[in-house]
Amino acid sequence: MKKNRLFSIVAIISLLCLCLPFSAGAAGWQDPTKPGWKEGEAKNGWIQSKLQHMTLEEKIGQLFIVHVYGKTPTDPNYEATNLNGNRGGKNFKEVIEKYHVGGVIYFNWTDNVLTPLDATQTNTLSNGIQKIAMDQRMPIPLFVSTDQEGGIVQRLVNPGTVFPGNMALGATRSSQFAADSAAILATELKGIGVNMNFAPVADVNVNPANPVIGVRSFGEDPGLVSELTVAQVGAYQDNKLIATAKHFPGHGDTAVDSHYGLPIITHDLETLHNVDLKPFKAAIDAGIDAIMTAHIVVPALDPSGLPATLSKPILTDLLRSELGFKGLIITDSLGMSGANVVPADRVAVEAFKAGADILLNPPNVEAAYNGMLAAAQSGEISEKRIDESVYRILEYKFKRGLFDNPYTPESAIGNIGTAEHLAAADEIANKSITLVKNENNLLPLKNTDKIFITGPSTGKPDMLSGLLKNKGFNTSFYATTASPTAAQINNAVASAQQADKIIVTTYTANTNAAQQNLVKALQGTGKPIIVAAIRNPYDLMSFPNVNAYLATYGDRDVSVNALVRVLTGEVNPSGKLPVTIPGVAKFGDGLSY
């Protein structure tokens with residue numbers, strides 16, 4: 001009897017000792033970063049202790065970052081939406097508890113981050129889901145991720161700080177601006193509890209018809225893109241935010257959007273290494289935490305026809321072995337068409353076998369999770385391979401301080417949209433506006449002129465007119481649809497008859513014949529035509545004979561405000577083209593008054 005009692009006491013003590021490392025902050029937990037520890041050895045032992053006591057199901061869960069609809073962890077208003085959308089549960093709490101997910105991704109359309117921003121709501125959501133994760137049998141903090149590139153892809157918006165975007169940064173040629181913007185983005189994301197950003201975009205945009213990258217890129221020059229990528233990587237990670245360079249091995253020369261199709265990159269190996277891969281190499285040398293894959297086929301790297309996300313030659317042989325990347329490999333969203341070239345329940349498995357660590361945003365959480373679990377249980381995927389990825393995931397959660405404290409104080413929202421941050425965004429926007437043509441010193445505008453402004457509503461002619469009117473200019477406007485109809489074009493021409501100067505705000509007109517027809521019809525009036533390209537700078541290709549042309553590189557209010565300052569002469573334009581406008585303007589062109 002005494003022997004059995006002694007055995008029971010020893011067993012209980014052993015179990016208690018094993019449990020100590022599991023809860024960050026718990027009594028007896030030994031912090032591997034405290035003085036006297038050898039950080040590398042301590043971290044390795046600590047993570048290994050986690051791995052040894054995780055179930056296979058918990059390990060598989062750590063590999064996934066998923067989206068869930070809702071403003072709170074248990075929001076009752078989105079239960080049907082989540083269940084019908086195959087989110088794996090009715091709310092965040094159920095998904096975390098059932099699938100042990102490693103992270104979540106926030107979107108505006110899932111109402112995790114509202115427009116305009118409600119910082120308290122998202123901060124509370126982040127803390128709530130972290131609490132749920134830390135209350136599990138195996139307490140592991142979550143990656144809370146989003147896409148906050150600045151410019152056209154930005155989830156945290158007003159009253160937070162909205163930046164003009166990457167190509168605008170490229171037009172300034174300033175690595176300091178790139179770093180400053182990333183530091184501010186990191187600070188504000190941390191205020192709402194986000195700890196992982198899918199940025200910077202390291203793609204080199206060499207194709208004017210690229211429908212998915214464009215102004216999300218810093219430009220067409222691999223040296224410039226590398227410099228600004230490295231500047232942002234350093235700023236994000238100095239602020240303890242996980243940075244993610246994307247989209248490997250380079251999405252800059254596509255004419256197909258991988259959300260809806262499967263692009264093919266036909267570059268040879270020399271071009272790939274000198275252009276597409278160069279910013280990623282620079283990011284790796286700078287210590288980038290994570291790299292996101294692209295759903296693109298690159299025959300020179302893998303002739304199988306598989307997208308990079310599912311390609312072992314690209315992810316394991318090139319990225320891991322040849323380029324020596326030791327951080328996290330994250331897939332682009334697995335719900336995109338470019339990834340779905342194998343059966344739905346096999347996409348996550350094939351991406352993982354190719355070399356991915358994190359499986360981002362599967363369209364069906366249950367199917368993806370069960371597919372991975374089945375592959376592991378059958379031996380198709382070894383537990384050793386799973387442990388390699390889970391180790392990396394835990395390592396970066398440890399490295400960025402999430403095990404120390406995954407929560408964000410509500411006071412941190414005070415760092416969002418400060419006067420200093422907003423002023424920094426305005427300065428970058430002012431320096432980015434690029435004046436490409438200015439015949440007969442048509443600009444800056446004179447307040448004695450009658451100015452008619454037109455263009456698709458996406459080009460914000462109404463906002464531009466109002467801002468100029470507020471500065472004392474005589475303006476009128478007429479907004480068309482994205483592709484102006486013949487009737488709208490006729491109305492615009494008729495309205496322009498009394499004007500001295502015409503401003504057309506175009507929005508990716510180089511791929512929109514109707515917008516091109518609008519500009520050409522207005523040229524027929526014989527009046528001076530000023531075109532302001534409100535998104536891609538390539539629109540001048542389609543009407544090279546307009547009298548004046550400016551590029552803003554984005555449609556955010558911050559860019560439109562800067563455009564007004566340049567049009568009126570309040571700001572002397574200094575931006576330089578970060579891309580070539582084929583047949584019209586060279587990389588580096590840019591006029592001043």
Side-chain angles (χ1 to χ4, degrees), residues 166-167 170 200-230 244-285 288 291-325 329-332 336-339 341 351 354-356 510-511 536-538 541 577-583 586-587:
N166 290 339
M167 196 168 281
V201 175
D203 301 312
V204 182
N205 199 84
V206 296
N207 190 336
N210 195 321
V212 65
I213 304 301
V215 293
R216 296 169 63 194
S217 165
F218 293 114
E220 72 176 20
D221 179 75
L224 176 64
V225 175
S226 297
E227 178 187 350
L228 301 188
T229 295
V230 167
T244 311
K246 62 186 185 185
H247 309 80
F248 186 86
H251 212 311
D253 190 13
T254 65
V256 174
D257 186 339
S258 53
H259 290 85
Y260 309 109
L262 183 59
I264 299 176
I265 304 289
T266 58
H267 290 182
D268 58 25
L269 281 175
E270 182 179 4
T271 303
L272 286 164
H273 279 278
N274 291 336
V275 178
D276 304 84
L277 293 172
K278 189 171 180 177
F280 293 100
K281 294 176 183 177
I284 292 168
D285 289 343
I288 182 79
I291 289 178
M292 179 180 285
T293 69
H295 305 324
I296 56 174
V297 174
V298 190
L301 298 175
D302 181 354
S304 71
L306 287 171
T309 298
L310 309 182
S311 169
K312 188 173 182 181
I314 294 176
L315 300 191
T316 298
D317 299 345
L318 175 61
L319 182 52
R320 279 277 182 239
S321 300
E322 186 177 339
L323 300 185
F325 179 56
I329 298 178
I330 302 174
T331 71
D332 204 344
M336 293 164 58
S337 292
V341 297
N510 64 303
T511 60
N536 290 345
Y538 303 106
M541 295 166 58
L577 281 174
V579 294
T580 299
I581 304 176
K586 303 185 300 298
F587 174 91

State whether the side chain of Asp203 and the backbone N or O of Asn205 hold a donor-acceptor pair below 3.5 Å, judged by distance alone.
no
Beyond-backbone contact of Ile329 with Ile291, side-chain heavy atoms, under 4.5 angstrom
no
When you measure from the side chain of Asn210 to the backbone of Gly252, do you find a donor-acceptor pair of N or O atoms at a distance under 3.5 Å?
yes
From CA spacing to verdict: side chain to side chain contact (heavy atoms under 4.5 Å, CB included), Ile265, Leu301:
CA-CA 10 Å; Ile265 304 289; Leu301 298 175; over 6 Å; no
On a heavy-atom basis, the closest approach of Pro313 and Asp317 is O-CB, 3.2 Å
Do Ser311 and Asp302 meet the criterion of a side-chain donor-acceptor pair at a distance under 3.5 Å?
yes
If I take atom CG from residue Asp332 and atom CZ from residue Phe248, how far apart are they, to the nearest 0.5 angstrom?
14.0 Å
Could you measure the distance from the CZ atom of Phe587 to the OG1 atom of Thr580? Nearest 0.5 Å is fine.
7.5 Å
Nearest 0.5 Å, please: how far is CG in Leu224 from NZ in Lys278?
10.5 Å
Measure the spacing between CG of Asp257 and CD1 of Ile213 and express it to the nearest 0.5 Å.
8.5 Å
Does the pair Val212 and His251 meet the rule for a side chain to side chain contact (heavy atoms under 4.5 Å, CB included), with working shown?
CA-CA 9 Å; Val212 65; His251 212 311; 3.6 Å; yes
Note: Thr254 and Ile296 closest approach over all heavy atoms is CG2-CG2, 4.3 Å
For the CE atom of Met167 and the CG atom of Leu228, what is their distance to the nearest 0.5 Å?
11.5 Å
Show your reasoning for whether side chain to side chain contact (heavy atoms under 4.5 Å, CB included) applies to Leu318 and Leu277.
CA-CA 10 Å; Leu318 175 61; Leu277 293 172; 4.2 Å; yes
So how far is it from Glu322 CD to Lys281 NZ, rounded to the nearest 0.5 Å?
7.0 Å
Would a distance-only check, ignoring hydrogens and angles, find a side-chain to backbone donor-acceptor pair under 3.5 Å from Thr331 to Thr293?
no
Is any side-chain heavy atom of Asn274 closer than 4.5 Å to a side-chain heavy atom of Pro222?
no
